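Read through the structure below, which is laid out as structure tokens, and then see the notes.
Here, residue 1 is the first one in the sequence, and each next residue gets the next number. Since the structure is predicted, the reported quantities are computational estimates derived from the model, not experimental observations.
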Amino acid sequence: MAKYENDVKQLLTLIGGKENIQAVSHCMTRMRFVLVDPKKADEKAIEEIPAVKGTFTQAGQYQVIIGNDVAVFYNEFTSYAGIEGVSKDAVKAAAKTNQNPLQRIMGTLGEIFAPLIPALICGGLILGFRNVIGEINFFNNGTQSLADISQFWSGTYDFLWLIGEAVFHMLPVGIIWSITKKMGTTQILGIILGLTLVSPQLLNGFSVAETAAEDIPVWDFGFAQVQMIGYQGQVIAAMMAGFVLVYLEKFFKKHCPEVVSMIVVPFCSLVPAVIIAHTIVGPIGWRIGNAIADVVYGGLMSPFGWLFAGLFGLLYAPIVMTGLHHMTNAIDTQLINSFGGTILWPMIALSNIAQGSSVLAMSVLQKKNERAQQVNVPACISCYLSVTEPALFGVNLKYGFPLVCGMIGSAVAAMISVGTGVRALSIGVGGLPGILSIESDYYLNFLAAMAVAIVIPFVLTYFVGLKKLSKEERGLAEAGAQNPGENGDAQQSSVQETQKAQPETRSAGKTAGTAVQKEASSSESTGRTETAAADGQSLEIKAPLNGKTLPLEDMPDEVFSQHIMGDGLAIEPSEGIVVAPADAEVSAVMEESRHACGLTLSNGLELLIHVGIDTVEMNGDGFELFVKEGDQVHTGDPLIRFDMDKIRAAGHPTMTAVIVTDEGEAKNLQYLTGTQAEAGKTPVITFE
């Protein structure tokens with residue numbers, strides 16, 4: 001009898017039968033289905049199957065969480081169902097058939113811009129620094145900037161433009177490269193096409209508006225002339241040119257004999273793409289981009305601009321949750337190209353701040369709920385630094401009212417920003433640091449809008465939360481039930497003093513706290529006092545990689561953050577190498593994607609180390625696996641090497657999950673977070 005025979009039979013029936021399965025694959029922890037009709041899946045009944053730890057739907061895929069044994073389950077399922085599994089790319093492609101055209105367009109746009117975001121953020125910071133150094137007149141009664149009075153800073157100001165120009169003027173190169181990477185065609189051809197759009201032989205695209213028509217250089221072919229105009233900073237034109245190249249290359253690859261494809265395909269793809277880019281799609285894309293910029297700019301600058309701004313500020317956070325916000329990158333860049341600045345980006349930065357302020361209020365309300373604080377505090381910090389997903393999905397959407405309060409504050413702040421003409425010189429720097437990208441003339445106006453984005457969401461969330469949140473949610477119920485006397489107060493005070501000197505520790509399956517708290521508390525759910533190593537030897541699991549240890553709730557993936565797979569912690573890596581955290585046997589690896597590894601200790605404790613989020617989609621690119629299933633490893637032995645830059649360029653977080661999927665004979669597990677860990681040396685999990 002197969003190990004999961006009954007579970008497999010139930011899952012096939014409850015998922016709608018074989019005829020409802022369009023494609024199926026698996027990763028390290030879950031089965032990934034593309035269903036013909038997702039409504040046929042009985043989610044509640046599926047979650048009651050013993051082997052199933054949970055289900056959810058993401059990007060058109062119905063995912064069933066199994067755990068470390070997913071490979072065995074998958075093989076038994078496909079064998080019983082009589083279907084053939086496919087690659088994860090095929091599942092991803094099939095999943096897109098469950099998306100409407102707008103979702104597919106936005107998904108593609110997001111995947112194109114995701115690898116460019118690190119460069120845009122860096123470029124935005126650079127322009128922000130140049131703004132402070134050379135554009136703000138701090139000296140001599142407001143007549144000179146730092147660059148004006150110092151040769152060093154003048155040289156720095158000029159030097160930094162080298163990077164700013166590379167990011168923003170040469171943006172078409174990055175866009176076309178990203179398109180060819182996304183579409184699976186030859187990336188170097190995309191880079192070359194992009195370079196032809198920004199060649200120094202051409203009139204710089206930013207200079208076209210101020211150049212008389214008769215002064216624009218041309219290529220003269222006798223029967224026709226083509227203007228020699230560059231497309232620096234142009235987004236739409238670059239995207240159109242990129243897709244022309246992609247489809248030409250795919251066409252010639254399909255119809256060209258293999259024996260001459262190395263010569264014919266690149267030549268017949270690149271040369272026509274360059275001609276079409278400069279004669280047809282470039283001019284068309286230029287006009288489309290300008291038209292979009294004119295509409296947005298005109299709407300914001302019209303007498304009803306305040307209304308448009310309020311609506312944008314109100315809805316931007318929900319737009320982020322749908323993924324549609326990627327479109328604003330293209331619009332912002334076009335506004336900068338057309339008008340020398342953007343009035344859209346300041347509103348985005350203000351929305352980040354507003355949602356972060358809602359989380360800050362939740363943190364104040366839940367200051368005695370330590371488990372909630374493990375999510376609130378990091379989410380607030382990341383939101384203020386412009387990464388909003390942890391705040392939106394981990395806190396504000398969960399409770400509902402903080403999201404709405406943040407939206408209201410964002411709307412008011414956006415109206416102030418647009419109403420006072422605030423403009424940004426660049427995009428990429430959001431949240432509180434977003435002020436670095438603002439034109440110096442509008443600093444005070446933006447500061448006023450920032451104050452509104454902080455105060456209104458905080459005040460609204462705080463007072464609504466006083467009524468909405470239960471005592472348990474605020475962490476007050478336990479304190480009220482204990483009703484400690486003077487001795488109890490003194491003991492608790494002593495505990496709190498001791499806490500300050502210790503890293504954060506959490507027991508498996510319980511509310512977060514410290515080991516000291518557990519010792520001081522006389523009445524846990526087990527009815528006994530827990531003391532470290534009271535009944536046996538205290539053992540340790542070391543950090544599997546260098547980096548900051550964080551609560552598992554910080555993982556931007558609900559399978560991990562909601563402890564569906566088990567308890568554990570997260571590590572934000574500072575180096576791309578995973579080592580064995582203990583002497584163990586390698587119980588599971590993903591040989592194709594190489595992004596995760598399962599270990600089993602001698603006491604039966606099973607550990608899953610999962611690098612990044614959705615990194616299975618990279619199909620092993622950027623990963624190197626040093627072990628195979630069945631290997632015996634010792635603490636510090638290398639398991640996986642990964643390229644953090646490649647992971648980020650693919651649009652995935654690098655945060656790594658360290659999950660105890662089965663405690664085996666281990667008892668009293670403690671998870672140490674909030675420390676800077678050294679791989680193979682720093683304890684992150686203790687147990688008896």
Side-chain angles (χ1 to χ4, degrees), residues 87-90 92-93 96 104-105 107-120 166-167 169-202 230-282 284-285 326 329-330 592-594 615-624 642-643 645-652:
S87 70
K88 286 170 281 294
D89 279 345
K92 190 176 178 181
K96 291 185 177 180
R104 289 198 291 272
I105 291 171
T108 299
L109 191 62
E111 290 178 25
I112 289 170
F113 270 94
L116 305 179
I117 288 175
L120 292 173
V167 173
H169 280 217
M170 309 302 174
L171 185 61
V173 179
I175 290 174
I176 301 177
W177 160 78
S178 187
I179 289 172
T180 55
K181 182 175 182 292
K182 156 68 182 166
M183 304 302 290
T185 56
T186 308
Q187 295 173 35
I188 186 61
L189 296 182
I191 292 172
I192 293 170
L193 174 59
L195 289 171
T196 70
L197 295 179
V198 295
S199 169
Q201 296 184 32
L202 309 175
Y231 292 89
Q232 286 82 356
Q234 287 286 332
V235 176
I236 306 298
M239 291 179 66
M240 293 174 68
F243 281 111
V244 167
L245 174 64
V246 163
Y247 288 109
L248 282 172
E249 183 175 350
K250 288 188 173 184
F251 173 83
F252 286 111
K253 274 186 176 178
K254 182 178 179 181
H255 294 90
C256 179
E258 186 68 28
V259 68
V260 293
S261 64
M262 183 66 74
I263 299 172
V264 174
V265 173
F267 183 84
C268 292
S269 303
L270 182 61
V271 175
V274 172
I275 295 171
I276 293 171
H278 284 276
T279 59
I280 302 175
V281 299
I284 292 174
H326 293 295
N329 291 324
E592 180 185 348
S593 57
R594 304 186 285 276
T615 42
V616 65
E617 297 176 358
M618 297 176 67
N619 293 318
D621 184 27
F623 291 85
E624 184 178 0
F642 57 96
D643 189 324
D645 290 335
K646 278 194 174 183
I647 293 174
R648 294 187 185 112
H652 302 300

Of all the heavy-atom pairs spanning [X] and [Y], show the shortest one and how long it is.
{"X": "W177", "Y": "I191", "value": "CB-CG1, 4.0 Å"}
{"X": "A241", "Y": "L197", "value": "CB-CD1, 4.3 Å"}
{"X": "F642", "Y": "I647", "value": "CD1-CD1, 3.7 Å"}

>> Given 3.5 Å as the limit, does a donor-acceptor pair link the side chain of S269 with the main chain of P266, or not?
In response: no
> Do T196 side-chain atoms and L193 backbone N/O form a donor-acceptor pair below 3.5 Å?
Replying inline: yes
Value rounded to 0.5 Å, distance of [atom1] in [X] from [atom2] in [Y]:
{"X": "D621", "Y": "S593", "atom1": "CG", "atom2": "OG", "value": "12.0 Å"}
{"X": "I192", "Y": "I176", "atom1": "CD1", "atom2": "CD1", "value": "11.5 Å"}
{"X": "T186", "Y": "L245", "atom1": "OG1", "atom2": "CG", "value": "8.0 Å"}
{"X": "T615", "Y": "F623", "atom1": "OG1", "atom2": "CZ", "value": "4.5 Å"}
{"X": "I276", "Y": "M240", "atom1": "CD1", "atom2": "CE", "value": "11.0 Å"}
{"X": "T180", "Y": "I175", "atom1": "OG1", "atom2": "CD1", "value": "12.0 Å"}

Contacts of [X] that satisfy side chain to side chain contact (heavy atoms under 4.5 Å, CB included) - sequence neighbours left out:
{"X": "V260", "value": "C256, P257, V264"}
{"X": "D643", "value": "D645, K646"}
{"X": "P200", "value": "none"}
{"X": "Y247", "value": "M183, F243"}

>> H169: which residues meet the ring-ring contact (aromatic ring centres under 6.0 Å, His included) condition with it, sequence neighbours left out?
In response: W161, F206
>> Test side-chain contact (heavy atoms from CB on, under 4.5 Å) on L171 and Q234; report intermediate values, then the result.
In response: CA-CA 7 Å; L171 185 61; Q234 287 286 332; over 6 Å; no
> Checking side-chain contact (heavy atoms from CB on, under 4.5 Å) for the pair L202/Q232: CA distance, chi angles, key distance, verdict?
Replying inline: CA-CA 10 Å; L202 309 175; Q232 286 82 356; 5.6 Å; no
> Any salt bridge (charged side-chain N to carboxylate O under 4.0 Å, His left out) pairs touching residues 250-265, not counting sequence neighbours?
Replying inline: E249-K253
